[in-house]
2 protein chains.
Amino acid sequence: MGRAVGIRDVAEAAQVSVGTVSNALNKPDRVSPTTLARVLAVIDELGFVRNDLARQLKMGAGTTLGMIVLNVANPFFADLAHASEAAAEEAGQTVVLGSSDQLEAREDRYLDLFEEQRVRGMLVAPLDGITQRMRRLRARGMPLILFDIHADRDFCSVTLDGRAGGELVARHLIESGRRHIAFLGGPLHQVEDRWLGAQRVCAEHQGVRLTHVDTDDQTIADGRAAGAVIEAMPAAERPDAVFAANDLLALGVLQALVMSDQLSVPRDIAVVGYDDIDYAESAIVPLSTVRQSTGLLAEHAIRLVLDEADDPDHSHEQLKLSPELIVRESSSPR
Amino acid sequence: MGRAVGIRDVAEAAQVSVGTVSNALNKPDRVSPTTLARVLAVIDELGFVRNDLARQLKMGAGTTLGMIVLNVANPFFADLAHASEAAAEEAGQTVVLGSSDQLEAREDRYLDLFEEQRVRGMLVAPLDGITQRMRRLRARGMPLILFDIHADRDFCSVTLDGRAGGELVARHLIESGRRHIAFLGGPLHQVEDRWLGAQRVCAEHQGVRLTHVDTDDQTIADGRAAGAVIEAMPAAERPDAVFAANDLLALGVLQALVMSDQLSVPRDIAVVGYDDIDYAESAIVPLSTVRQSTGLLAEHAIRLVLDEADDPDHSHEQLKLSPELIVRESSSPR
DNA sequence: CGGTGATACTGAAACGTTTCACGCATCGTA
DNA sequence: TACGATGCGTGAAACGTTTCAGTATCACCG
């Protein structure tokens, strides 16, 4: 296996200069039809494949976007990544995905990696707010847009209005006759808005109690564990509604509660999730939840990151998208 | 914002040659401690970030692996991607993920893209077997390992033993007293092994019938549609067991059947899925399924692709991993 | 003191592109 | 005929690294 065939080999075989080959590839209209045909034929014959590394190096600007999500195994982020990839393709960009797995070390690693890779910009769902590293990146001119974090004037962000979502859910539960809502999920700062929204609505209503049940992570397993805790509570202490910070938690709770013979959903306890992942609808008891359009989210994010990369006088935008309440059986009035 | 700071700026500021800076970065032991410290200090001060594009271009070998899966929204592939990323990180490699969405055009596009990107190797879950493009890649020396496809001597592959899985399921269903099994899923060639395994076991048993119900894709929605079809069948025609080619289909079927008042799972119809995704356990009726370790799969795949990239006298391996039957409520004997 | 290795560092030559300032015909027009 | 346009093609210079053949210095030894 000889060396890889480069643009020079093509030039030689087609009896043109390397510049012409490059033009044939990138600006076909600057080349006469006959030579263009000849060059393309040779390219095909020799099996030439342009080296994008050299290309990007020379051109300065890459065509790759780096994306860091909290956990690809979480379907919300999987959807978001998928949608972003689609939106990026539309704009001729490629997305490289990294999963921080909620570990600061991994988040940092990807930030560094992407910077070394000279990505055109980054889309980050930050683990723990805006870090020093991110500020440094911004200072060096790296386009960096954030998902789902409260506004910061120095960054673009696309946020889902968690507060509005929290309000929707709390209002719905109260109107369905629930009086003690347990907000399930942690770490709290990651889901603070949802919590605050619920809190606000609950405060407006006499005799409604809101408590917080912490979890380590937001997986089905965590939800199941929390469900067991709730089930074991003395009846007087036990909430009559659970507002889970995401659907996975809610599914876990649901499962734990259904397993138990004493309690039934939604009769004794209503359960509402967040994200409207595909499985919410096909859960043991179809799950009420809050839907957020990952497609919309992704489109805005891609638009913003490219704008920040291209437009010299780009001004940061903090977008807030409104969620939608989806009521299913798990929170029917009793 | 001036130009980006390069290795030359560092060299100048630290009063050493560019070669020394490069050495300080890559082979610190070839540099005296005092200069090393000085260089690193300058790097830090200037905020130098090495340009990986130039690096890879020069070094010839990248540190990136390209991965193409059928659909990231499918949790099996999401898990697989996640596991592969983890295994790759272990080996100091980065994984770039692309989702073909079951479209040949997208599969082709990613193959081309990754080749232009000069990835170190590719991991592909092929849409429709081995294409001409893949053979061309192999011919040009690109390491390329395949997921979940029958062996081909020219390629490495890591396959889940679908045949064994199909046998496990069929045997289990027959032993649970089922006599008419519907195999659900398509396109058939993508799940042929599972089908063949089931077929073989059924042929061994007197009075057991096996039919095939085709689907366009393998999503919950497809399963739901198929479930509706099954429900509408005259009782004599209706299967008493559904073996779905993956868990999403099974969940869809489950949902459709449970909605109906006439039929009950597992009393009238048993349902078994494939993949053991997280949600299988928390389905309306906990879903029997076949588990395949994505972790193992990923480890082998990464090992093979790196071996193919590094070892000059690498010989292709066709690995077949054995699945495990997980029996839950959805296929309890009646 | 000359020879021999080690060690630390140097600086130019690649890697495979794109870009850009030119050269060279050909052509329409005055 | 002279002249500026216009269209096509050239080839060297860069992009930011790594690598490698050297140079310089020093310690050690016979």
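Every chain is numbered from 1 and lettered A, B, ... according to where its sequence line falls, protein lines coming before strand lines.
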Grab the N/O contacts between the protein and nucleotides 4-7 of chain C below 3.5 Å, and write none if there aren't any.
none

Using the test side chain to side chain contact (heavy atoms under 4.5 Å, CB included), find all partners of Asp311(B) that sit at least two apart in sequence or belong to another chain. Asp307(B), Asp313(B), His314(B)

What is the distance from CG of Leu57(A) to C1' of dA14(C), rounded to the nearest Å? 13 Å

Does either side chain, that of Asp217(B) or that of Gln102(B), offer a donor lying less than 3.5 Å from an acceptor on the other one? yes

Which pairs pass salt bridge (Lys or Arg N to Asp or Glu O under 4.0 Å) with one or both residues in residues 126-138 of chain A, sequence neighbours excluded? Asp108(A)-Arg133(A), Asp112(A)-Arg133(A), Arg135(A)-Asp152(A), Arg135(A)-Asp154(A), Arg138(A)-Glu308(A)

Expressed as a whole number of angstroms, how long is the span from Arg118(A):CZ to dC15(D):C1'? 11 Å

Rounding to the nearest 10°, end axes of the helix from dC1(C)-dG30(D) to dA30(C)-dT1(D) built from five pairs each make an angle of 50°

Contacts under 3.5 Å, N or O only, protein and nucleotides 18-22 of chain D:
from, atom 1, to, atom 2, distance (Å)
dT18(D), OP1, Asn26(B), ND2, 2.9
dT18(D), OP1, Arg55(B), NE, 3.0
dT18(D), OP2, Ser22(B), OG, 2.7
dT18(D), OP2, Asn26(B), ND2, 3.4

Check the distance between dT10(D)'s P and Glu12(A)'s CD and give it to me in whole angstrom. 13 Å

N/O donor-acceptor pairs under 3.5 Å from side chains in residues 31-44 of chain B, not counting sequence neighbours:
from, atom 1, to, atom 2, distance (Å)
Ser32(B), OG, Thr35(B), N, 3.4
Ser32(B), OG, Thr35(B), OG1, 2.6
Thr35(B), OG1, Ser32(B), O, 3.0
Arg38(B), NH1, Ala14(B), O, 2.3

How close or far is atom C1' of dC15(D) from atom CG of Leu53(B), stated in whole angstroms? 10 Å

Please check if atom CD in Gln15(B) has more than 12 non-hydrogen atoms from other residues, nucleotides or ligands closer than 6.0 Å. no

Specify the residue among Val16(A) and Arg8(A) whose closest nucleotide of DNA chain D lies further upstream toward the 5′ end. Val16(A)

Gln318(B) side-chain N/O to Phe155(B) backbone N/O, donor-acceptor pair under 3.5 Å: yes

Gln292(B): partners by side chain to side chain donor-acceptor pair (under 3.5 Å), with sequence neighbours left out: Asp275(B)

Result of checking Val124(B), Leu65(B), Val119(B) against Phe114(B) for side chain to side chain contact (heavy atoms under 4.5 Å, CB included): Val119(B)

OP1 or OP2 of dT10(C) less than 4.0 angstrom from a side-chain nitrogen or oxygen of Thr20(B), does that happen here? yes

From Leu321(A) CG over to Leu297(A) CG, what is the distance, rounded to the nearest 0.5 angstrom? 6.0 Å

What integer distance in Å separates Gln117(B):CD from dT17(C):C1'? 14 Å

Within residues 29-47 of chain A, which residues have any heavy atom lying less than 4.0 Å from an atom of DNA chain C? none

Applying salt bridge (Lys or Arg N to Asp or Glu O under 4.0 Å), can you list everything that pairs with Glu299(B), at least two apart in sequence or on another chain? none

Show me the donor-acceptor pairs, under 3.5 Å and distance only, between side chains in residues 45-57 of chain B and residues at least two apart or in other chains.
from, atom 1, to, atom 2, distance (Å)
Asn51(B), OD1, Leu53(B), N, 2.8
Asn51(B), OD1, Ala54(B), N, 3.3
Arg55(B), NH2, Asn26(B), OD1, 2.8

Extract all donor-acceptor atom pairs below 3.5 Å that involve side chains of residues 78-98 of chain B and protein atoms in other chains or at least two apart in sequence.
from, atom 1, to, atom 2, distance (Å)
His82(B), NE2, Asp101(A), OD1, 2.8
His82(B), NE2, Asp101(A), OD2, 3.1
Ser84(B), OG, Leu80(B), O, 2.7
Glu85(B), OE2, Ser99(A), N, 3.3
Glu85(B), OE2, Tyr110(A), OH, 2.7
Glu89(B), OE1, Arg106(A), NH1, 2.3
Gln93(B), OE1, Arg120(B), NH1, 3.0
Gln93(B), NE2, Ala91(B), O, 3.3

More than 12 heavy atoms of other groups within 6.0 Å of Glu12(B) CD: no

What pairs of nitrogen or oxygen atoms, one from the protein and one from nucleotides 22-24 of chain C, lie under 3.5 Å apart?
none

With respect to Phe147(A), which candidate in Leu123(A), Leu160(A), Thr159(A) satisfies the side chain to side chain contact (heavy atoms under 4.5 Å, CB included) definition? Leu123(A)

Output the distance between atom OG (Ser100(A)) and atom CG (Leu127(A)), rounded to the nearest 0.5 Å. 5.5 Å

Arg109(B), CZ atom: more than 12 neighbouring heavy atoms under 6.0 Å: yes

